[in-house]
Structures are given as C-alpha cells and as structure tokens.
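None of the values given here were measured: they were computed from a predicted structure. For the single chain, residues carry numbers from 1 onward in sequence order.
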Amino acid sequence: MRTTKELLEGEISLEGRIVDASNATLFGSISTADSRFPIVYKPIAGERPLWDFSDGNLASREVASYLVSVAGGFNCVPTTVLREGPFGAGAVQEWIDVDPEIDPISLGQSEAEGIRNLALFDVIVNNTDRKFGHILPLNQDEIFGCDHGVTFHEDFKLRTVIWQFAGEELSKIEHERLDVVETWIINDGHTQLHELLTEAEVNSTLKRIEIDR
C-alpha cells in the first residue's frame, strides 16, 4: 500500500473518467521523485447532491472510512487522502488492481474471512452502498472495498449485499477491534474525525460500536 505522504505530495495527472460512477470519478496517476502509481480522484465539485447527506462532504467520508479502517486494523480501504487536484479539493485514493480470476459476486456471498472483515467494517461506518462491484479482491485473502462516500450517517442506514453473517456472534478478535476503534475515536482520532464529520455522526459511530459489543 502507498503511504498518505505519497498521495499528498505527488503530482496528479489525469487520464480519463470512470463512466459508471454516480459522481465525477477520475482515473489518473501520481508521480513522486521515486515512483508513479495509479489513483482515483473524486473532486468535491463533481459530487451530486443527495437528500440525506449534506452537499460537498462525500470526499470527507471517504477519508474518514480509510482512517477507521487503519485504526481498527481492518485494512480494507485503499490509502485515501483529501487534497487539491486538477478540479479542486477532493478524495484521492490509491488504485487497486484486482485479481480478474476472482468473481466478486461469488466472493461477496461467501464466508471468506476478508468478506466478514468487510461486513463488520461496514456496520461501524454505516455504509449505505456496499455493492458487489465495490469489492476489490487482490487475492482470496486480501480484500478491499471502495466507494465509501455515503457512510457515517447519524441514522442507521446500512445497505449491503453482504448479509450471510447476520445474527452471528462476534469473535474475540472482532470484539478487540471494536475496543481499539472506540479508543482511537475517543482519543487520537477525535480531532481527525471531527474535521471530516459532524459531532452527531461521530457520536453515532460510537453508539454503533457499543451496540455491536
């Protein structure tokens, strides 16, 4: 995975638009002194208004999702930052090359550990848009997810294709991850999340974590 420093400091070059995305989603690359790597850039100016989310903050939710993924050890969101780009400020995310031999629909309906990991993460961030096309398998064990712009709503709005784990007890490791995320939000992550989300949304995230335990 690329570091946030690489995504923040490199120069962005755009190559085209991903046409099946709801909001302006541009494919390009970042060049640093040592490397060049592909990225996805979602400018705030290209976000379509939604009735249940405030205008102009989907990019912030993409970044907040990445921070929670890292803090809780889920490691299921590609490196994502908020920065200036060719069309203004927006979310910039490392591009993930998926394994073309893996069917995301079959994988998403399986009980693979990486899918269960993604399912728990989605509950925490209140993901309203987990589709099969948003599941990014590097291989059978490393599974990422993308498109986290409609997350963290203060009302419970989970919408997902991953339902096979519903009603199951959490494992000891999963309980520990919830503890870690809660501690991070209350302490180190408090300022970071409040720069990206509202007070009510941060508090609702903590409530979801408490309910899950």
Side-chain angles (χ1 to χ4, degrees), residues 1-2 4 7-8 12 14 16-28 30 38-72 74-96 98 104 108 117-136 143-162 181 185 189 192-205 208:
M1 295 292 293
R2 297 291 173 175
T4 56
L7 268 70
L8 286 168
I12 297 177
L14 298 180
R17 180 173 181 176
I18 300 175
V19 295
D20 58 350
S22 300
N23 299 290
T25 304
L26 307 172
F27 177 78
I30 283 182
I39 53 97
V40 173
Y41 164 54
K42 297 182 179 182
I44 293 173
E47 295 179 2
R48 294 182 180 180
L50 297 171
W51 71 269
D52 52 349
F53 285 85
S54 301
D55 293 348
N57 65 9
L58 303 189
S60 296
R61 298 171 193 278
E62 295 264 12
V63 177
S65 296
Y66 167 70
L67 294 176
V68 170
S69 169
V70 173
F74 294 96
N75 299 321
C76 61
V77 179
T79 306
T80 310
V81 300
L82 192 64
R83 61 162 287 181
E84 287 293 325
F87 296 103
V92 175
Q93 184 172 86
E94 179 181 1
W95 174 269
I96 297 295
V98 301
N117 179 64
L118 202 59
L120 179 58
F121 171 78
D122 282 344
V123 174
I124 293 172
V125 302
N126 200 13
N127 192 352
T128 72
D129 194 31
R130 177 62 70 207
K131 300 172 182 174
F132 289 120
H134 298 168
I135 297 173
L136 309 175
I143 302 171
F144 287 84
C146 66
D147 284 351
H148 298 108
V150 282
T151 49
F152 293 102
H153 198 284
E154 60 187 276
D155 298 326
F156 191 64
K157 289 177 173 283
L158 181 67
R159 291 198 294 269
T160 177
V161 295
I162 307 172
V181 173
I185 292 175
Q192 289 176 284
L193 286 185
H194 278 83
E195 290 176 350
L196 301 166
L197 308 171
T198 67
E199 181 77 24
E201 288 165 344
V202 175
N203 290 338
S204 293
T205 303
R208 285 192 299 275

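- Closest non-hydrogen pair, I12 versus G85, comes out as CD1-CA, 4.2 Å.
- Residues F87 and L26 are in side-chain contact: their nearest non-hydrogen atoms beyond the backbone lie under 4.5 Å apart.
- Here the closest heavy-atom approach between residue E94 and residue L7 is recorded as N-CD2, 3.7 Å.
- In this structure, T160 and I162 approach most closely via the heavy-atom pair OG1-N, 2.9 Å.
- Annotation: the span from E47 atom CD to S60 atom OG amounts to 8.0 Å, rounded to 0.5 Å.
- T4 places a side-chain heavy atom less than 4.5 Å from the side chain of Y66.
- Two residues are said to be in side-chain contact when any heavy atoms from C-beta on lie closer than 4.5 Å; L14 and F27 fail this criterion.
- No donor-acceptor pair under 3.5 Å is formed between the side chain of N127 and the backbone N or O of T151.
- Side-chain atoms of T80 come within 3.5 Å of backbone atoms of P78 as a donor-acceptor pair (strictly under, hydrogens ignored).
- A heavy-atom distance below 4.5 Å is found between the side chains of V202 and I185.
- In this structure the side chain of V92 reaches within 4.5 angstrom of the side chain of I30, judged on heavy atoms.
- Y41 contributes no side-chain N or O that, together with a main-chain N or O of A24, makes up a donor-acceptor pair within less than 3.5 Å.
- Distance check: R17 CZ to T25 OG1 gives 7.0 Å after rounding to the nearest 0.5 Å.
- A donor-acceptor pair is defined here as one N or O able to donate and one able to accept, closer than 3.5 Å; no such pair exists between the side chain of T128 and the backbone of R159.
- When atom types are taken as modelled, the side chain of Q192 and the backbone of G189 share no donor-acceptor pair closer than 3.5 angstrom.
- Side-chain contact annotation: E199 with H194, donor-acceptor N/O pair under 3.5 Å present.
- Screening R61, R130, H134, Q93 for a side chain to side chain donor-acceptor pair (under 3.5 Å) with H148, the sole residue that qualifies is R130.
- Across all non-hydrogen atoms, the minimal contact from E62 to D147 is OE2-CA, 3.9 Å.
- The residues D52 and K157 are annotated as salt-bridged, a charged nitrogen and a carboxylate oxygen being separated by less than 4.0 angstrom.
- Of the possible polar contacts, one joining the N23 side chain to the R48 backbone as a donor-acceptor pair under 3.5 Å is found.
- Of all non-hydrogen atoms in S65 and V77, the two that sit nearest each other are O-CG2, 4.1 Å.
- Side-chain contact check for H153 versus F53: some heavy-atom pair is nearer than 4.5 Å.
- Taking the side chain as every heavy atom from C-beta outward, F144 and I135 never approach each other to under 4.5 Å.
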What verdict does the side-chain contact (heavy atoms from CB on, under 4.5 Å) test give for V150 and L50, after you've listed the backbone C-alpha separation in whole Å, the side-chain angles of each residue and the deciding distance to 0.1 Å?
CA-CA 9 Å; V150 282; L50 297 171; 3.4 Å; yes

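- Using a 4.5 Å heavy-atom threshold, the side chains of L136 and I143 count as separate.
- Summarising the geometry, atom CG belonging to L193 is positioned 7.0 Å from atom OG1 belonging to T205; distances are rounded to the nearest 0.5 Å.
- Listed for the S69 side chain is a donor-acceptor partner under 3.5 Å among the backbone atoms of N75.
- Rounding to the nearest 0.5 Å places CD1 of I39 at 10.5 Å from CH2 of W95.
- Taken to the nearest 0.5 Å, the CG atom of L196 stands 6.5 Å off from the CG atom of L67.
- When all heavy atoms of L158 and D122 are compared, the closest pair comes out as CD1-O, 3.8 Å.
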